[in-house]
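Below, chains carry the letters A, B, ... as their sequence lines are ordered, and counting in each starts from 1.
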Number of protein chains: 2
Amino acid sequence: MTNKLNSNNLTKSEEDYLKALFYLIVEEDSVKVGNNQLAEYLNVSPASANNMIKKLKAKDYVISEKYGKLDLTEGGRLIAVRLIRKHRLWETFLCNYLNFTWDEVHEVAEQLEHIKSRKLIDELDRFMDFPKKDPHGEMIPNADGEYAILPKITLSSLLEGDVCELVAVNDGSVNFLKYVSEIGLVLSSEIKIIEIRDFDKSIRIQFNEGEETVTRKFADNVFVNKVI
Amino acid sequence: MTNKLNSNNLTKSEEDYLKALFYLIVEEDSVKVGNNQLAEYLNVSPASANNMIKKLKAKDYVISEKYGKLDLTEGGRLIAVRLIRKHRLWETFLCNYLNFTWDEVHEVAEQLEHIKSRKLIDELDRFMDFPKKDPHGEMIPNADGEYAILPKITLSSLLEGDVCELVAVNDGSVNFLKYVSEIGLVLSSEIKIIEIRDFDKSIRIQFNEGEETVTRKFADNVFVNKVI
DNA sequence: TTAATTTGTTAGTCATAGCTAACTTTTTTA
DNA sequence: TAAAAAAGTTAGCTATGACTAACAAATTAA
Ligand SMILES: [Mn+2]
Ligand SMILES: [Mn+2]
Ligand SMILES: [Mn+2]
Ligand SMILES: [Mn+2]
């Protein structure tokens with residue numbers, strides 16, 4: 001019932017809070033992250049988040065002034081990046097070796113990322129020959145916690161006539177991911193913007209498998225590399 | 001932070017208690033299992049075990065009368081067997097694909113066995129082509145919870161002149177497992193009993209890689225198949 | 001610049017899962 | 001068969017991490 005094991009001593013909850021903070025601070029472009037924002041992201045009450053932040057401050061993973069915004073210390077950031085590394089490596093393993101589809105992996109990876117064993121994750125990395133990207137196109141941090149964030153240009157930021165390549169999807173809901181695959185899009189699909197309709201800003205796109213009209217909300221969740 | 005997911009709803013602790021009960025009742029030959037015995041096995045206080053047993057009885061996984069011995073219901077047994085299946089499949093994966101040695105796998109499998117995903121474990125099973133035994137020679141239950149217990153004859157039960165094959169080791173400590181490999185024994189090694197010394201019941205054995213004298217305690221933890 | 005709204009904090013409660021100390025029942029031993 | 005020992009139970013405590021309700025501070029709008 002005791003639980004020391006490898007490296008750090010954080011609980012699953014503490015880890016999830018640090019990871020959430022990292023996403024809000026680094027991944028999303030929200031400059032300042034507040035307590036209630038964190039609470040909402042994690043689906044907990046503001047009181048719960050406040051409570052946990054207090055603990056993480058005591059452990060020196062988080063900094064903030066009373067009533068002020070939140071920030072991660074270097075230690076906190078490192079734990080978060082390692083979690084993301086584990087999460088993405090597991091997702092890659094599930095997709096590439098265990099017949100999971102890209103919309104099925106997140107839920108299970110959310111559990112697997114908390115397994116404490118340095119050797120496990122480094123060997124898994126080696127076994128897969130050090131993959132660079134996860135099934136959603138996101139970069140996998142390396143064993144030293146180095147984390148390359150890929151430039152995030154959304155499909156919705158392009159103009160009529162532009163051509164781009166699908167590089168990643170916003171690590172989103174099962175619904176969204178299923179939708180993307182169902183219309184025939186996959187990572188590295190080449191997409192041309194045919195028309196942006198004035199009426200509702202919906203976007204007509206063309207790609208290998210045909211043409212589709214997608215909403216702005218859809219396009220906001222698709223990251224691309226502009227080609228033309 | 002919520003945690004429903006696949007199949008059952010048991011906590012890690014509840015699962016570990018059911019698995020422990022299963023080992024004590026089925027694997028070991030102790031006919032009757034008591035509360036304090038369970039507590040000792042799990043390194044918790046008798047009060048803690050008693051408390052958990054109460055919960056597991058309420059959930060209909062355990063049966064016992066007040067001050068009486070413990071038993072698993074069919075439901076409790078099934079959960080335990082599924083845990084053992086997961087534990088042993090993960091140990092097999094760690095050994096055969098991730099360069100873990102047989103003394104390193106248990107600790108990590110103890111965590112991995114609690115990951116809740118039917119698909120994950122069945123696909124892992126398929127990926128490894130449905131292995132029958134784990135790295136310690138123990139049988140892996142199949143997806144239906146069918147569990148073949150292999151007959152457990154210990155090396156210590158043999159007589160001078162007998163020849164046997166090492167089929168399994170008692171799922172034991174890192175110290176023991178390291179010792180076994182260091183003297184050169186592996187699963188399916190053929191072992192001949194050269195002499196049982198009267199003085200201290202120590203046993204002189206001969207096998208491929210040479211000769212060794214082992215204690216009775218050692219021989220109690222080695223399961224064999226008598227050949228001659 | 002005051003009032004309303006949003007954001008953050010505190011206090012107190014609950015469930016889980018440990019613990020110790022004290023007690024009761026059962027079993028063993030003398 | 002009575003006393004001692006072992007086994008099992010209960011009560012009451014702790015820590016973690018949720019929650020709600022009430023309150024305080026900061027920000028935004030009137
Ligand atoms: Mn994910
Ligand atoms: Mn998680
Ligand atoms: Mn094991
Ligand atoms: Mn376990």
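Taking the six-membered ring wherever Trp is involved, the centroid distance between the rings of Tyr147(A) and Phe22(A) falls below 6.0 Å. Taking the six-membered ring where the residue is Trp, the centroids of Phe93(A) and Phe93(B) are separated by under 6.0 Å. Note: Phe218(B) and Tyr179(B) meet the aromatic proximity criterion, with ring centroids under 6.0 Å apart.
Each of Pro46(B) and Asn51(B) lies near DNA chain C, and the nucleotide nearest Asn51(B) is the one positioned closer to the 5' end. If you find the closest nucleotide of DNA chain D to Ile53(B) and to Met52(A), the one lying nearer the 5' end belongs to Ile53(B).
Side-chain nitrogen and oxygen atoms of Asn36(A) include at least one within less than 4.0 Å of the OP1 or OP2 phosphate oxygen of dG8(C). The side chain of Lys12(B) contributes no N or O atom lying less than 4.0 Å from OP1 or OP2 of dT16(C). Phosphate proximity of dT26(C) to Lys66(B): absent, as no side-chain N or O sits under 4.0 Å from OP1 or OP2. OP1 or OP2 of dC19(D) has at least one side-chain nitrogen or oxygen of Ser45(A) nearer than 4.0 Å. Taking only side-chain nitrogens and oxygens, Lys69(B) never comes nearer than 4.0 Å to OP1 or OP2 of dA7(D). Not one side-chain nitrogen or oxygen of Ser13(B) sits closer than 4.0 Å to the OP1 or OP2 atom of dT16(C). Applying the 4.0 Å criterion to OP1 and OP2 of dA17(C), one finds that Lys55(B) has a side-chain N or O inside that range. Between dT16(C) and Tyr17(B), no contact under 4.0 Å exists linking OP1 or OP2 to a side-chain N or O. Within the 4.0 Å cut-off from OP1 or OP2 of dT10(C), not a single side-chain nitrogen or oxygen of Tyr67(A) is found.
When the P atom of dA21(D) is taken as reference, atom CG of Asn50(A) falls 18 Å away, rounded to whole Å. Whole-Å rounding puts the Glu14(B) CD to dG18(C) P distance at 10 Å. If you take NZ of Lys54(B) and P of dA17(C), they are 15 Å apart, rounded to a whole angstrom. Rounded to whole Å, the distance from CD on Gln37(B) to P on dT27(C) is 15 Å. Put simply, NZ on Lys32(A) is 16 Å from P on dT7(C), counting in whole angstrom units. Regarding Asn35(B), its CG atom lies at a distance of 18 Å from the P atom of dT24(C), rounded to whole Å. Between Glu40(A) atom CD and dT7(C) atom P the separation is 9 Å, expressed in whole Å. The CG-C1' distance, from Leu42(B) to dA17(C), rounds to 13 Å in whole Å.
For Ser48(A), whose side chain is taken as the heavy atoms from C-beta onward, the closest listed nucleotide among dT9(C), dG18(C), dA18(D) is dA18(D). Among the nucleotides dT9(C), dG18(C), dT20(C), the one closest to the side chain of Ala47(B) is dT20(C).
Residues that satisfy the salt bridge (Lys or Arg N to Asp or Glu O under 4.0 Å) test with Asp122(A), not counting sequence neighbours, are Arg85(A), Arg118(A). Looking at residues two or more places apart in sequence or on another chain, you find no salt bridge (Lys or Arg N to Asp or Glu O under 4.0 Å) involving Glu182(A).
Between its two ends, the helix from dT1(C)-dA30(D) to dA30(C)-dT1(D) turns its axis by 10°, counting five pairs per end and rounding to 10 degrees.
Using a 4.5 Å cut-off on side-chain heavy atoms (C-beta onward), Cys95(A) and Thr101(A) make no contact.
A salt bridge does not link Lys12(A) with Glu110(A): none of the charged nitrogens is closer than 4.0 Å to a carboxylate oxygen.
The environment of CD in Glu160(A) is crowded: more than 12 heavy-atom neighbours from other residues, nucleotides or ligands sit within 6.0 Å.
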